[in-house]
Amino acid sequence: MSLELKMINENLWQLPQVGEMRVPARVYAKSNLIDLVKHDKSLQQLKNVATLPGIQNFALAMPDIHQGYGFPIGGVAAMDVNEGVISPGGVGYDINCGVRFIKTNLSRQDVEKNLDDLLTALYQTIPTGIGSQNAIGKLSETELKKVLVNGAEWAINKGFGKERDLAVIEENGRMNSAKVDKISSRALQRGASQLGTLGSGNHFVEIGFVDEIFSADISQKLNLKKDQLIIIIHTGSRGFGHQVCDDHLRKMLVQKIDFPLPDKQLIAVKIQSKSGEDYFAAMSSAANFAWANRQVIMSLVEQTFQKSLRISSEKLGFRLIYDVSHNIAKFEDHLIDGKRKELCVHRKGATRAFSAENFSGGTFHEIGQPVIIPGDMGTESYLCVGTKKAMSETFGSTCHGAGRMMSRRKALKSTDFDSVMNELRKKNIKVMAARKKTLIEEMSRAYKNVRDVVDTMHKSGISKKVVRTKPLAVLKG
DNA sequence: ATGTTC
């Protein structure tokens, strides 16, 4: 199958439209990354996506592409709202998994001696690991439903963060399309105790610093300086979103569909059908849960910093730069053959990267939408901005992270806990995790080189590098 | 990713 990949340019490859494919497929990848795509089923999955009704232009893959449930992770697909379908596999089990980037007024030198205490305090404050619960007590069903409708705003009304945060969250931290009557009682049960919890896998809270500045102009507009202390939070909708995905996948799987489906995991239904509308309403509720979750966690991290460092909120200067979703489907207008068209854009392990023109005022109207691309726990992360080219080539989308290249199982077999810890210690990175197993699974070697991934999108002109950060201390699930 | 096979 790899022979079918034709080079468009040194960062872009194309799979021709064959068989049931309705459009060709495209993969963004530097030459040293394209080989990694051929090791798993991700290219076949991308071809399968190209067969879905209503798909526009191309089935797209970002350089962090790897095998996922039905859809590849790192995939983007935009469907026509009238003829097209919506697929839970195109969103992922962790609905609105995403990242937020926070700046502080401190420099890395200010906390050098406090890092152990800070990390321990974070570990004690934020429930981590699979099954983690009760950061802020169990919510009543009535209260949880308010979370599902109001998203990040719910958290702010409860005192977690500030009103101004909403302006720097994708969708302002709330999708109006949420409907709580599309949520099962089991999902409600799971969600009630999980708000403000980190979860497991690649989720984390990272204390880091600005290591290199690529755009002096944009970093200045975002008030980011070299050596400045920053926080990155990566988590999603926890067991709640997982249950929502599971519930709606099951319902769709027993339905009759009128198009060829190459893989059951890719199950999709018409956007304009009852089950399509129900899924979107439930997905939106889970997205709102995830935004509330990141909002609560950010506030808990801020409180922990104040207490542990014994400094005022003013001196700490905690300020949300941006919050992005990288597992979501959204209705957006894009130009297709020069005509404005409403599409359902699936981004699974892909980040929205809108250009400056999409914002009517403020900083983002000058610089474009901030994009946060975390690497693995032992390397580095990037803050980028979206571009015009993203709007015309990728439905305003870019990559979301380094991308796995080794399965969790293989990672566990290949090394042990002490070796992983030693490597991190050599790099002077402090880590605390709920379980040793997760830390082994998350080792650097299990991931692609995030620098190559980000450079692919930068050189393609899709998302532009602003700053690189490096980790000092990481809380893992 | 996930009360990791309701």
Side-chain angles (χ1 to χ4, degrees), chain A residues 40 42 45 64-75 87-99 127-135 138-139 144 183-205 233-251 253-254 264-265 282-283 286-287 289-291 293-294 297 324-329 346-351 374 376-377 400-413 433-442 446-447 475-477:
Chain A
D40 62 17
S42 50
Q45 289 185 327
D64 46 342
I65 181 180
H66 57 286
Q67 192 179 320
Y69 181 89
F71 239 75
I73 295 159
S87 170
V91 171
Y93 270 92
D94 191 1
I95 295 165
N96 191 7
C97 185
V99 202
T128 57
I130 193 157
S132 52
Q133 47 185 296
N134 289 327
K138 196 178 165 181
L139 299 177
L144 177 60
I183 305 297
S184 69
S185 54
R186 186 183 285 184
L188 291 173
Q189 216 172 351
R190 289 180 74 172
S193 53
Q194 291 184 329
L195 200 65
T197 68
L198 191 64
S200 179
N202 58 8
H203 292 168
F204 63 78
V205 175
I233 297 169
H234 179 201
T235 186
S237 50
R238 309 282 293 100
F240 178 78
H242 190 277
Q243 191 63 50
V244 166
C245 179
D246 198 47
D247 291 338
H248 287 263
L249 271 174
R250 273 168 208 279
K251 279 185 197 163
L253 277 165
V254 295
K264 271 205 155 183
Q265 291 190 352
M283 183 217 74
F289 183 95
W291 275 311
N293 193 33
R294 289 197 285 278
I297 290 177
V324 291
S325 170
H326 53 227
N327 274 10
I328 204 159
H346 296 70
R347 295 191 183 92
K348 185 200 198 169
T351 313
D376 60 86
M377 65 186 166
H400 88 304
R404 249 186 193 284
M405 62 175 188
M406 191 191 285
S407 70
R408 293 185 179 273
R409 180 195 289 259
K410 205 172 160 197
L412 284 170
K413 271 192 189 166
R435 291 199 309 180
K436 289 182 177 180
K437 186 167 167 265
T438 309
L439 222 57
I440 300 167
E441 290 171 350
E442 289 295 313
Y447 284 90
L475 175 68
K476 290 286 292 183

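Just so we're clear, the structure is a prediction, and the values are computed from it rather than from any experiment. In what follows, chains carry the letters A, B, and so on, assigned in the order in which the sequence lines appear, proteins first and then strands, with residues in each chain numbered from 1.
Within 4.0 Å of A/Arg409, counting heavy atoms only, lies no atom of the nucleic acid at all. Nucleic acid contact class of A/Arg404 (heavy atoms, under 4.0 Å, all strands): none. No engagement by A/Gly236 is indicated, since no non-hydrogen atom pair under 4.0 Å with the nucleic acid exists. Here A/Gly201 lies in heavy-atom contact (under 4.0 Å) with sugar-phosphate atoms only. Using a 4.0 Å heavy-atom cutoff across all strands shown, A/Gln67 reaches no nucleic acid atom at all. As judged by a 4.0 angstrom heavy-atom cut-off over every strand, A/Gln194 is placed among residues touching the sugar-phosphate backbone only. As judged by a 4.0 angstrom heavy-atom cut-off over every strand, A/Ser237 is placed among residues making no nucleic acid contact.
Protein atom CZ of A/Arg408 is 11 Å distant from nucleotide atom C1' of B/dT2, rounded to whole Å. The OH-C1' distance, from A/Tyr69 to B/dT4, rounds to 15 Å in whole Å. Atom CG in A/Leu412 sits roughly 17 Å away from atom P in B/dT4 (whole-Å rounding). Across the protein-nucleic acid pair, A/Leu198 atom CG and B/dT2 atom P stand 9 Å apart, rounded to whole Å. Computed from coordinates, the A/His203 NE2 to B/dT2 C1' distance equals 10 Å when rounded to whole Å. In this structure, A/Lys437 atom NZ and B/dT4 atom C1' are separated by 7 Å, rounded to whole Å. Atom CD1 in A/Ile440 sits roughly 16 Å away from atom C1' in B/dT4 (whole-Å rounding). For A/Gln265 and B/dT2, the CD to P distance is 18 Å, given to the nearest whole Å.
No side-chain donor-acceptor contact under 3.5 Å links A/Glu442 to the backbone of A/Met377.
Of the candidates B/dC6, B/dT2, B/dT4, B/dT2 carries the atom nearest the A/Ser200 side chain, counting heavy atoms from C-beta on. When each of B/dC6, B/dT4, B/dT2 is scored by its nearest atom to the side-chain atoms of A/Arg435, the top-ranked nucleotide is B/dT4.
With respect to A/Asp247 and A/Lys251, no salt bridge is recorded, no charged nitrogen being found less than 4.0 Å from a carboxylate O.
Annotation: side chain to side chain donor-acceptor pair (under 3.5 Å) contacts of A/Thr128 (sequence neighbours excluded): none. Taking A/Ser407 as the reference, nothing meets the side chain to side chain donor-acceptor pair (under 3.5 Å) condition, with sequence neighbours excluded.
Residue A/Tyr93 is the one, among A/Ile130 and A/Tyr93, whose nearest nucleotide of DNA chain B lies closer to the 5' end (criterion: closest heavy atom).
Using a 3.5 Å distance cut-off with no hydrogens or angles, the side chains of A/Asp40 and A/His66 do not pair a donor with an acceptor.
The side chain of A/Arg186 places no N or O atom within less than 4.0 Å of a non-bridging phosphate oxygen (OP1 or OP2) of B/dC6.
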